[in-house]
Chemist: 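Please read through the structure below; I'll follow up with questions.
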Amino acid sequence: MSEETNVQETAAAENIESQETATAENNEIEQSAGAETTGNVEAAEQVESQDALDNFVSLKKGDSVKGTIVKIEDNQAYVSLGYKYDGVIPLRELSSIQIESAADAVEVGQEVELKVVSIDDDKEKLVLSKKLVDGEKAWDELQNRFDQGEVFEVTVADVVKGGLVADVGVRGFIPASMVERHFVEDFSDYKGRTLRVKVKEIDRENNKVILSQKEVLDAEFEQNKLAVMNSIQVGQEIEGTVQRLTPFGAFVDIGGIDGLVHVSELSWQHVAHPKDIVSEGQSVSVKVLKVDPAAGKISLSMKAAQPGPWESANGQFKTGDIVTGTVRRIVSFGAFVEIAPGVEGLVHISQLAHRHVATPNEVVTEGQEVQAKVLDFNPSEKRVSLSIKETEEAPEQPEKSSRPERSSSSQRSPKVELNNPNVSLSNEGMSFTLAERFGDKLSKLK
C-alpha cells in the first residue's frame, strides 16, 4: 500500500510541476504578444499623425485658396481651408465697398475664393482677402460687358454725395444724372434697390467704374416710342395721364411716351395756365392731332376730345334773348363777348351805345361783364351778333327850336365897308351894274 501511495504522490507532483511549467510558458508567450501589439498601435498612430501633417495645405503669401466661412464677427469672418488653423478675413478685405458688418458680405457655410495676404505660423495668424479675388474676376467681366453693351442688374449698396454706389466686384459708381430719365431730388430711398445698368466708363488703372441706368431706360423708351408712334393715328382718341405741366402746355403719357397738349388745346375756353385746367397724375381723354416720327413729337388735344362749345350751345340761345357775357377782345370795329365757354359773339361798334362811338374803348374794357341782346344766333357758322345798346333805353332827343340857328361866323358874309360908294346898303341887294358904275363916263363919250 505504501509503495502505491508513494507512486501516486510522485505522479501528482510531476503533474503539478508540468502544469506550472506550461503556465509559465504561456505567460511568457502572452507577454511577448502584448508587447508586440502595443508596438504596432504606436506605429500606426505615428503613421496617421504623419499623414495628417502631410495632408495640411501648404500656403504662402499671394496664394489663391478656397475655404468655408465657419464663424462671423462684426469686423471679421473666420474661414476653414484645410490649414493647421483657420484664416481670418478682416472687414476691409471682405468687399470693395464700405460695409458696416462682415455679415453684409458673407454668411456661415458659404464657400469663398480667397487670396493669402499674410501668414505667420508662429502666431498662428493667417490673413485672407475676398475682395482681391472678386476684383480680379470683376475687371475682366466688366470689360466684356462694356464691350458688348450688356445690361445687368446691381443692388444699390450706398447713397453718397453725387450719386449711388454698387458692388460689382469692384466699386461701381452711378452718378445722379445717370440714375433716371428725369431729375431726382432725393435718393435716400434708393439704398437696397435693384437697378438695371450698363457700364458707361471703365478705367482699371485708376480703379474707376461708371455705371448708368439712364442709358438703359433711354434705349427702352426709344423702342417703345417708335412702337407707339407706329400704332396711333391722327384723329384717334385715347386715354392718357398728365405727367408734367409747363407754361405752354401739359405733357400726357399715352402708353410709355409723352405727347404735348398745347395750352390752346386744353379747353374751349381761354386758359391762362395749364394748372387751371389739369393737374399732374390726372387721367384725361385726348385726341391725336399730329404724329411726327422723325422729330419724335406727338401733338394732342383735350378740347377736341370733348363736345365743342357751339355744339353744346346749340338750342341754348335764340334771337331776342338777353344774355350776360364777358368782354374778351376789343377790336377797331367792335367787341367780342363770351356768352358761354368758347362761344363769343360780336357787338359791332354801332351796337355799343345809342350815341356815336369813335372807338369801342370808350364804352367797354376787356374782362368787363356786360348784358347784351342776341340779334342773330347761327351755331352752324359759329356766329353770334349781339347788341349792348338794345338792352338800354334810348336817351330822350332834345326838342328842336323854331328860331333859326345863327350861322357861325365862318359862314357870315364878308364885311362891307360903309364908305364904299359902289355898294348899296339896302337889304334888297348888294350888287351893281356896269351901267351904274361907268354910266357917267359913257355919257361924256357921246
Side-chain angles (χ1 to χ4, degrees), residues 69 72-77 89-107 110 112-115 129-225 241 243-246 251 253 256-258 280-281:
I69 304 296
I72 295 177
E73 294 179 350
D74 288 342
N75 61 347
Q76 60 189 1
I89 312 175
L91 191 65
R92 66 178 183 277
E93 296 295 338
L94 277 167
S95 175
S96 60
I97 63 173
Q98 184 176 355
I99 56 176
E100 297 179 359
S101 171
D104 294 337
V106 292
E107 58 185 15
Q110 179 181 348
V112 290
E113 290 188 42
L114 308 164
K115 180 160 288 198
S129 174
K130 178 176 179 292
K131 76 174 184 180
L132 289 177
V133 175
D134 292 343
E136 289 178 356
K137 292 182 178 180
W139 284 113
D140 294 337
E141 186 175 359
L142 289 169
Q143 185 64 54
N144 184 61
R145 284 175 167 172
F146 175 73
D147 295 338
Q148 300 297 325
E150 181 183 343
V151 178
F152 58 100
E153 292 186 348
V154 297
T155 300
V156 178
D158 199 7
V159 178
V160 297
K161 183 178 180 180
L164 310 175
V165 174
D167 185 359
V168 288
V170 295
R171 183 181 186 274
F173 182 62
I174 311 173
S177 61
M178 298 184 186
V179 178
E180 302 286 356
R181 295 188 68 246
H182 57 273
F183 173 75
V184 179
E185 185 174 356
D186 184 10
F187 288 98
S188 59
D189 63 341
Y190 272 70
K191 187 173 182 178
R193 282 196 192 184
T194 299
L195 306 180
R196 293 176 301 119
V197 299
K198 280 185 174 182
V199 179
K200 177 72 174 177
E201 183 180 343
I202 183 170
D203 186 348
R204 187 166 185 171
E205 292 183 0
N206 295 309
N207 199 36
K208 180 180 179 182
V209 177
I210 304 298
L211 306 174
S212 173
Q213 179 179 241
K214 183 176 181 295
E215 281 199 2
V216 178
L217 299 177
D218 283 344
E220 292 176 350
F221 174 79
E222 291 301 324
Q223 289 180 349
N224 184 60
K225 184 177 181 179
T241 303
Q243 294 295 315
R244 291 183 293 127
L245 299 180
T246 66
F251 287 92
D253 183 351
I257 64 172
D258 293 345
E280 292 183 1

Chemist: Hey, is NZ on Lys225 packed in by over 12 heavy atoms from elsewhere, all under 6.0 Å?
Modeler: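 Yes, NZ of Lys225 has more than 12 neighbouring heavy atoms, counting only those of other groups under 6.0 Å.
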
Chemist: Would a 4.5 Å heavy-atom cut-off, applied to side chains only, mark Val151 and Val197 as touching?
Modeler: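 A side-chain contact under 4.5 Å is absent here.
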
Chemist: From Glu215 CD over to Lys200 NZ, what is the distance, rounded to the nearest 0.5 angstrom?
Modeler: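 Glu215 CD to Lys200 NZ: 4.0 Å, rounded to 0.5 Å.
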
Chemist: To the nearest 0.5 angstrom, please state how far the NZ atom of Lys115 sits from the CG atom of Asp134.
Modeler: 11.5 Å

Chemist: Is the shortest heavy-atom distance from the side chain of Lys130 to the side chain of Glu93 under 4.5 Å?
Modeler: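 Result no, sub-4.5 Å side-chain heavy-atom pair not found.
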
Chemist: Below 4.5 Å, heavy atoms only, C-beta onward: do Asn207 and Trp139 meet side chain to side chain?
Modeler: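 Yes; the side chains approach each other to less than 4.5 Å.
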
Chemist: Contact between Ile89 and Ile69 at the side-chain level, heavy atoms closer than 4.5 Å - yes or no?
Modeler: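 They are in contact (side-chain heavy atoms under 4.5 Å apart), so the answer is yes.
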
Chemist: With rounding to the nearest 0.5 Å, note down the distance linking CG in Leu132 to CG in Leu114.
Modeler: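 Going from CG on Leu132 over to CG on Leu114, the span is 10.0 Å.
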
Chemist: Can you tell me if Lys131 uses its side chain to pair, donor with acceptor, with the backbone of Arg92 under 3.5 Å?
Modeler: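 Indeed, once roles are kept as given, a pair shorter than 3.5 Å links the two residues.
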
Chemist: Determine the sole option in Glu153, Glu150, Glu220 for which the salt bridge (charged side-chain N to carboxylate O under 4.0 Å, His left out) test with Arg196 is passed.
Modeler: Glu220

Chemist: How long is the span from the CD1 atom in Ile99 to the CG atom in Leu94, to the nearest 0.5 Å?
Modeler: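 Rounded to the nearest 0.5 Å, the CD1-CG separation comes to 5.0 Å.
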
Chemist: Heavy-atom count around Arg204 CZ within 6.0 Å, excluding the residue itself: above 12?
Modeler: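 Check passes, neighbour count above 12.
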
Chemist: Test your reading of the model: is there a side-chain donor-acceptor pair from Asn224 to the backbone of Phe221, 3.5 Å cut-off?
Modeler: no

Chemist: Any chance you could measure Ile210, atom CD1, to Glu201, atom CD, to the nearest 0.5 Å?
Modeler: 5.5 Å

Chemist: Could you tell me whether Asp203 atom CG has more than 12 heavy atoms of other residues or ligands within 6.0 Å of it?
Modeler: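 Above 12, so yes.
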
Chemist: Does Gln213 reach the side chain of Leu211, with side-chain heavy atoms less than 4.5 Å apart?
Modeler: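 Gln213 vs Leu211: side chains apart.
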
Chemist: Tell me which pairs pass ring pair (Phe, Tyr, Trp, His ring centres under 6.0 Å) where either residue lies in residues 175-196, with sequence neighbours left out.
Modeler: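 For residues 175-196, and leaving out neighbouring residues, the ring pair (Phe, Tyr, Trp, His ring centres under 6.0 Å) pairs sorted by first residue read Phe187-Tyr190.
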
Chemist: Can you tell me how far CG of Leu195 sits from CD of Glu180, rounded to the nearest 0.5 angstrom?
Modeler: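 One finds 7.5 Å between CD of Glu180 and CG of Leu195.
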
Chemist: Using a 3.5 Å cut-off and no angle test, enumerate the donor-acceptor pairs between side-chain atoms of residues 163-175 and protein atoms at least two apart in sequence or in another chain.
Modeler:
unit_1 : atom_1 : unit_2 : atom_2 : d
Asp167 : OD1    : Ser96  : OG     : 3.3
Asp167 : OD1    : Gly169 : N      : 3.0
Asp167 : OD2    : Ser95  : OG     : 3.2

Chemist: Do Gln76 and Glu73 pair up side chain to side chain, a donor and an acceptor below 3.5 Å, judged on atom types alone?
Modeler: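 The answer is yes; a qualifying pair exists.
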
